2 protein chains.
Amino acid sequence: MPPLNRTRIVAAAIDLIEREGADAVSMRRIAADLEVGVMSLYNHVPNKSALLDAVSEAILSEVEFTDDPAAHWTGRVRMQARAFRQIAHTHPRSTMVVVSRQLKSAAGMLPVERALSTLREAGFGEREAVQIFRVFIAYVIGSLLREVGVTPTFAPVHGAIRASDVDPELFPEIGALAPHLSACDHEAEFDFGLDLMIEAIAGRLAQRTR
Amino acid sequence: MPPLNRTRIVAAAIDLIEREGADAVSMRRIAADLEVGVMSLYNHVPNKSALLDAVSEAILSEVEFTDDPAAHWTGRVRMQARAFRQIAHTHPRSTMVVVSRQLKSAAGMLPVERALSTLREAGFGEREAVQIFRVFIAYVIGSLLREVGVTPTFAPVHGAIRASDVDPELFPEIGALAPHLSACDHEAEFDFGLDLMIEAIAGRLAQRTR
DNA sequence: TGTCGAGACGTACAGCGTACGTACGGGAGG
DNA sequence: CCTCCCGTACGTACGCTGTACGTCTCGACA
């Protein structure tokens, strides 16, 4: 057994979250998984909150933000957004943890830097680039929240809406659209909105240079 | 002192969240605020999770979803999104609670019904309406999360990014745009993205009926 | 060999959600 | 009127949480 260190603790935490959900995370539980006393963890991590920050940072830093500066900016934006969405695939039950802690570390700032430089190179102004960046962040995070099911206990929310549950008198549209509401191809839905937004900001850019 | 009932409990919970943040909510604390034994709460609420659902529902049901069916659909969509954002103003520290529990009750379904019927009346197809609805939901929720500061302890995140904190070698864009990143007029940012997205889907509609 | 520091660990405390048992008070039935 | 019953209020208790504090062990170095 290798000696206890921060990396092993973070790995155990991520493993625990993916196996049993974020609710199951406790210092005692992690220590038990590592076959170690609870307080030994505190030699490497100041407290639970910092541990979750470290979890978030570890997951964020293994996202592949490959960027081709030669490509058209619309493609680059699309790739960056999709890369972020990878988190929902690689660490579904940790997604909520990553999204709910904004990091000031390098791991958290790198995606921001990439996105902003892409937008600036595309020709957007300073304020505009920040605004557009914020719109994308909001959309991506909102999409991830829906995808992983914001309820932390079970990862995939299935059959959230059944046609038989809704009163068609009160909610005719929900009743009529129930088949579409209950089924959700997350990747297709994400790309739909992503293309919509890229199209919109491309329109703004074209309109301005016109 | 009126007798204990579900309404008073929910009101006390909301009050507590707004005063001290969602972390401060505990059954013991609520009971103390109501000058009541802890277990008395369980005569009116099955458990803490259900109480938080009730909190979410109460807040959601007091949002003013006034809708003018005669207005242009773009305006109606804008109004509905803005109405949802009201939550961040009326109950800032409860926003995270509302957003993080999807409700199957009438209070949770009404906004969905309204939005879907608006989109259908605008001329969008069944699948398209659901897709667009999901895009807006993602954007609105993502925006609210940023606005209330996803960290639940303190409501307004101030000075999250300081220019002096970032290494301009590693993060030149963040350094250059720090003034724009640190300041944030939430209402303006929200409307910016909202208009962007409405413009985009209006474009789709025009393109199809062309 | 004596000393020292770092890391592992046990104990303890305050707080949590809530299962369970009890006590009380008012309305219904005899 | 008396009795019964049931809903409500409440106290206690259990197992869990994060973590402050003190202790112990062990390898490195003078």
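Just so it is clear: chains get the letters A, B, ... in the order the sequence lines come, proteins before strands, and each one is counted from 1. What you see is a predicted model; the values in this text were computed from it and never measured.
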Participant: Inspect the contact between A/Arg93 and A/Glu18 and indicate whether a charged nitrogen and a carboxylate oxygen are less than 4.0 angstrom apart.
Facilitator: no
Participant: For nucleotides 14-18 of chain D, tabulate all protein N/O to nucleotide N/O atom pairs closer than 3.5 Å, reporting atom names and distance.
Facilitator:
unit_1 : atom_1 : unit_2  : atom_2 : d
D/dT17 : OP1    : A/Ser26 : OG     : 2.9
D/dG18 : OP1    : A/Met27 : N      : 3.3
D/dG18 : OP1    : A/Lys48 : NZ     : 2.9
D/dG18 : OP2    : A/Met27 : N      : 2.9
D/dG18 : N7     : A/Arg28 : NH1    : 2.5
D/dG18 : O6     : A/Arg28 : NH2    : 3.1

Participant: Do B/Glu189 and A/Arg127 meet the salt-bridge criterion of a basic N to acidic O distance under 4.0 Å?
Facilitator: yes
Participant: Mind checking if B/Val36 touches a base, just sugar-phosphate, or nothing, with heavy atoms under 4.0 Å?
Facilitator: sugar-phosphate
Participant: Give me the first and last nucleotide of DNA chain C, going 5' to 3', that has any atom under 4.0 Å from a heavy atom of chain A.
Facilitator: C/dG7 to C/dA12
Participant: For the residue pair A/Phe124 and A/Trp73, categorise the inter-ring angle as parallel (less than 30°), tilted (30 to 60°) or perpendicular (more than 60°).
Facilitator: perpendicular
Participant: Can you name the closest pair of heavy atoms from B/Glu113 and A/Pro172 and give their distance?
Facilitator: OE2-CD, 3.0 Å
Participant: Which pairs, protein N/O on one side and nucleotides 21-28 of chain D N/O on the other, fall under 3.5 Å?
Facilitator:
none

Participant: Just to verify, which of A/Arg76, A/Arg114, A/Arg78 counts as forming a salt bridge (Lys or Arg N to Asp or Glu O under 4.0 Å) with A/Asp67?
Facilitator: A/Arg76
Participant: Taking 4.0 angstrom as the limit, do B/Arg134 and A/Glu147 come out as a salt bridge?
Facilitator: no
Participant: Just by distance, do the side chain of A/Ser26 and the backbone of A/Arg29 share a donor-acceptor pair under 3.5 Å?
Facilitator: yes
Participant: What is the minimum heavy-atom distance between B/Val148 and B/Pro92, and which atoms define it?
Facilitator: CG1-O, 3.5 Å
Participant: How long is the straight-line distance from CZ of A/Arg85 back to CD1 of A/Ile141, given to the nearest 0.5 Å?
Facilitator: 14.5 Å
Participant: Would you call B/Arg204 and A/Glu199 a salt bridge, taking side-chain N to carboxylate O under 4.0 Å as the test?
Facilitator: yes
